[in-house]
Structures are given as C-alpha cells and as structure tokens.
Amino acid sequence: QVQVVESGGGLVQAGGSLRLSCTASGLNFVGVSMGWFRQAPGKEREGVSCITFNGRSTYYVDSVKGRFTISKDNAKYTLYLEMSSLKPEDTARYYCAVVGYADCSVSPSSLGRVNYWGQGTQVTVSS
C-alpha cells in the first residue's frame, strides 16, 4: 500500500517562511518524480513545483519562482518545499503528489498525470 503524507503547514505572517515535508512509502521512491500542488477556496488546483526522479531538474510556476525551493532526499524518503517571502496569495492547501519519472511538470495537464496524492496541509499567510 502506498502512503503519501504531508506536514509543516501553518499560519504565518506575510514575508515569513515555512518548510513543507512529504514522506512517501510503499513505492520505489528513487524511481518517481514528485511535486507540489495547491488549491485555494474557489480556485482550481494548480501545480506549484516538481522535481525529477533523479533530482537533476526542477520546475516552478511563475508566481513562486525565486521564493520556493523543492528538494528530494532519497535517503529519508522525503520531499520538501522550502517557502520564503510568503504572500497572502500563497494561502492554500498544499498537496504532495507522486508522478511518473518522466511526468514532471507544473502545467495544468499535470493534474491528469498524478499517480498518488497526499491528504494536503494548510498554509495560511496573514496580511
């Protein structure tokens, strides 16, 4: 059985930082690409960032580029999203996702290529 679990969300002031974590078990962790999506109330779920299975390529949606950093620790079976300079518009529920090794993307079509989802962790940025 595959389990994907996020943690690290919370309430922060604008300009603050958070580090999200995602552990994945029951799969070949080193053989999959992984990413983060987010969804705010009343809005579509969007891709935020993705990292390829070997960690050599990363992708970010334009709105977070330069502020967020994705990384993958194969030894700890953990995916991270380091978020800094947070803005109120970053407020959303953030979801960890497992995709195929060649399916790393932040385009809208990436939603259809997710193999496993985590339950999500809430990030709220106050003004």
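Just so you know, these numbers come straight off a predicted model, no measurement behind them.
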| query | With hydrophobic residues grouped by side-chain heavy-atom distances under 4.5 Å, do Y95 and V48 end up in a single group? | reply | no
| field | N28 atom CG, over 12 foreign heavy atoms within 6.0 Å | value | yes
| task | Name all pairs fulfilling the disulfide bond (SG atoms under 2.5 Å apart) condition that reach into residues 98-127, sequence neighbours left out, sorted by first residue then second. | result | C50-C104
| query | Are L79 and I51 close enough that some pair of their side-chain heavy atoms sits under 4.5 Å apart? | reply | yes
Sequence neighbours excluded and cut-off under 3.5 Å, please list the side-chain donor-acceptor pairs for residues 37-44, or say none.
| from | atom 1 | to | atom 2 | distance (Å) |
| --- | --- | --- | --- | --- |
| R38 | NE | E46 | OE2 | 2.7 |
| R38 | NH1 | D90 | OD1 | 3.0 |
| R38 | NH1 | Y94 | OH | 2.9 |
| R38 | NH2 | E46 | OE2 | 3.2 |
| R38 | NH2 | S63 | OG | 3.3 |
| Q39 | OE1 | R45 | NE | 3.2 |
| Q39 | OE1 | R45 | NH2 | 3.3 |
| Q39 | NE2 | K43 | O | 3.2 |

| Atom of G9, atom of T121 and distance for their closest heavy-atom approach | N-OG1, 3.1 Å
| query | side chain to side chain donor-acceptor pair (under 3.5 Å): which pairs involve residues 5-16, sequence neighbours left out? | reply | E6-Q119
| request: Any ring-ring contact (aromatic ring centres under 6.0 Å, His included) involving residues 64-83? Give me the pairs, sequence neighbours left out, ordered by first then second residue. | output: F29-Y77
| message | Applying side-chain contact (heavy atoms from CB on, under 4.5 Å), can you list everything that pairs with V32, at least two apart in sequence or on another chain? | response | L27, M34, V98
| request: Could you walk me through whether V99 and S110 pass side-chain contact (heavy atoms from CB on, under 4.5 Å), step by step? | output: CA-CA 9 Å; V99 301; S110 64; over 6 Å; no
| request: State, to 0.1 Å, how close L20 and M83 come at their nearest heavy-atom pair, and which atoms those are. | output: CG-CE, 3.7 Å
| message | For residues V125 and L11: do they belong to one hydrophobic cluster (side chain heavy atoms under 4.5 Å, members Ile, Leu, Val, Met, Phe, Trp, Tyr)? | response | no
| message | Between S33 (side chain only) and D103 (backbone N and O only), is there a donor and an acceptor less than 3.5 Å apart? | response | no
| Smallest separation among heavy atoms of R67 and S85, with atom names | NH1-O, 3.0 Å
| message | As a test of understanding, state which of Y116, W36, W117 forms a side-chain contact (heavy atoms from CB on, under 4.5 Å) with C96. | response | W36
| Do you know which two heavy atoms are closest between N74 and K72, and how far apart they sit? | OD1-NZ, 3.3 Å
| field | ring-ring contact (aromatic ring centres under 6.0 Å, His included) contacts touching residues 45-66 (sequence neighbours left out) | value | F53-Y101
| request: Answer whether the closest heavy-atom distance between the side chains of E82 and S71 falls below 4.5 Å. | output: no
| remark: Heavy-atom closest pair (V123 atom, L18 atom, distance to 0.1 Å) is CG1-CD1, 3.9 Å
| said: So which atom in V2 and which in G26 form the shortest heavy-atom distance, rounded to 0.1 Å? | reply: CG2-O, 3.4 Å
| request: Show your working on side-chain contact (heavy atoms from CB on, under 4.5 Å) between S49 and L81 and close with a plain yes or no. | output: CA-CA 8 Å; S49 184; L81 185 67; 4.3 Å; yes
| message | Can you tell me how far apart CZ (R19) and OG (S84) are? Round to the nearest 0.5 Å. | response | 13.0 Å
| query | Distance from D73 atom CG to S21 atom OG, nearest 0.5 Å? | reply | 10.0 Å
